[in-house]
Amino acid sequence: MAYIFLRIGTDPTDWVHESTDPDSVAAQLGQATSPVVLPIVHPLPGNLVVSPSAAATISVARPSPPRGWHPSHGWHPSHGWHPSHIVLPRWPILYLPSPASPTQDSPGYPLEPDTDLAALERYIVAAMSEGTVLSIQVADIQGGVVLLNGATLGFAVLAQVQA
């Protein structure tokens, strides 16, 4: 399987999406009139919800193999990326644009363990489509919420629950 990197706005994260054709992904995003959901495999496996109309920039690129790489080594993205770079959280995560990429210590906002990520994805898509504000309960703050302004939110990532 081939991979492409997506980078959105000023967020420094390279989101890795399985695709053999960056041109078709770029066309899909460029022609979208509503939010687009793309599965991602790294750095947090889950779904990337992109609002092309709100994202200042979206780059779509095929990674270059590292120097000395050979096809017999298997696919290996540039700059030493390894799928095990981040220890996966044991709860659902909401990652929002930030000045720093997700890390093991700070992968994003932890959500309640029983969070229905498919339903939350639909709510985020609706907020982006309608330009409304969405309130999401976070797990690490008693009574704490994150407010998403769907009119200006370029993207959000919902990471899968890992066992």
Side-chain angles (χ1 to χ4, degrees), residues 1-32 34-52 54-125 128 136 138-139 146 148 153-163:
M1 174 51 79
Y3 297 87
I4 60 171
F5 287 169
L6 298 158
R7 187 174 284 185
I8 303 157
T10 59
D11 187 282
T13 310
D14 285 322
W15 299 103
V16 181
H17 172 64
E18 290 184 28
S19 176
T20 58
D21 186 9
D23 294 334
S24 67
V25 173
Q28 177 186 11
L29 291 167
Q31 298 168 5
S34 61
V36 175
V37 178
L38 297 169
I40 54 172
V41 296
H42 183 76
L44 295 171
N47 286 335
L48 172 69
V49 183
V50 182
S51 177
T57 60
I58 302 173
S59 70
V60 180
R62 183 175 283 124
S64 302
R67 186 178 161 112
W69 178 85
H70 186 271
S72 66
H73 299 154
W75 189 83
H76 188 282
S78 62
H79 308 298
W81 172 72
H82 296 280
S84 62
H85 172 69
I86 293 177
V87 175
L88 299 175
R90 295 187 179 155
W91 55 85
I93 293 291
L94 169 66
Y95 176 85
L96 298 171
S98 106
S101 295
T103 65
Q104 182 174 344
D105 293 333
S106 182
Y109 292 98
L111 303 172
E112 294 296 330
D114 61 348
T115 299
D116 182 345
L117 291 179
L120 182 53
E121 179 180 299
R122 289 190 301 271
Y123 298 144
I124 292 172
V125 167
M128 288 175 164
I136 299 173
V138 294
V146 173
L148 305 181
L153 181 62
F155 77 95
V157 173
L158 295 169
Q160 301 296 333
V161 175
Q162 299 297 312

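Quick note: numbers below take in every heavy atom, side chains included, and nothing from hydrogens, waters or symmetry partners.
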Chemist: What are the two closest non-hydrogen atoms of P22 and V60, and how far apart are they?
Modeler: O-CG1, 3.6 Å
Chemist: Tell me whether H17 contacts the main-chain N or O of P39 through its side chain, where contact means a donor paired with an acceptor under 3.5 Å.
Modeler: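 Confirmed, H17 side chain pairs with P39 backbone.
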Chemist: Taking the side chain as C-beta and beyond, is there a heavy-atom pair between V50 and P52 under 4.5 Å?
Modeler: yes
Chemist: Rounded to the nearest 0.5 Å, what separates atom CG in L44 from atom CG in L94?
Modeler: 10.5 Å
Chemist: Which distance, rounded to the nearest 0.5 Å, do you find between the CD of E121 and the CG of N47?
Modeler: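 E121 CD to N47 CG: 4.5 Å, rounded to 0.5 Å.
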Chemist: Could you report the tightest heavy-atom contact between T20 and A2, atom names first, then the distance?
Modeler: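 Where T20 meets A2 most closely, the heavy atoms are CA-CB, 3.8 Å.
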Chemist: For P102 and T13, work out which heavy atoms get closest and say how close.
Modeler: CD-OG1, 3.4 Å
Chemist: Which value, rounded to the nearest 0.5 Å, describes the distance between L29 atom CG and L6 atom CG?
Modeler: 6.5 Å
Chemist: Return the OH to CD1 distance between Y109 and I136, rounded to the nearest 0.5 Å.
Modeler: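 Rounded to the nearest 0.5 Å, the OH-CD1 separation comes out at 10.0 Å.
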Chemist: Which residues pass the salt bridge (charged side-chain N to carboxylate O under 4.0 Å, His left out) test with D14, sequence neighbours left out?
Modeler: R7
Chemist: Measure the CG-OH distance between D116 and Y123 for me, rounded to the nearest 0.5 Å.
Modeler: 7.5 Å
Chemist: Kindly indicate, with the supporting measurements, whether the criterion side-chain contact (heavy atoms from CB on, under 4.5 Å) is fulfilled by L111 and L117.
Modeler: CA-CA 9 Å; L111 303 172; L117 291 179; 4.0 Å; yes
Chemist: Looking at residues at least two apart in the chain, or sitting in another chain, which of them share a side-chain contact (heavy atoms from CB on, under 4.5 Å) with A100?
Modeler: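 side-chain contact (heavy atoms from CB on, under 4.5 Å) list for A100, sorted by chain: S98.
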Chemist: Excluding sequence neighbours, so at least two apart, what forms side-chain contact (heavy atoms from CB on, under 4.5 Å) with D23?
Modeler: D21
Chemist: Taking all atoms of both residues into account, what is the closest heavy-atom pair of D11 and Y95, and its distance?
Modeler: OD2-OH, 2.6 Å
Chemist: Shortest non-hydrogen contact from M128 to A156?
Modeler: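 Answer, listing the atom of M128 first, then A156: CE-N, 4.3 Å.
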Chemist: Drop me the distance from L48's CG to W15's CH2, to the nearest 0.5 angstrom.
Modeler: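 Here the rounded value is 7.0 Å.
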Chemist: Do you know which two heavy atoms are closest between P92 and T115, and how far apart they sit?
Modeler: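 Result for this residue pair: CG-CB, 4.1 Å.
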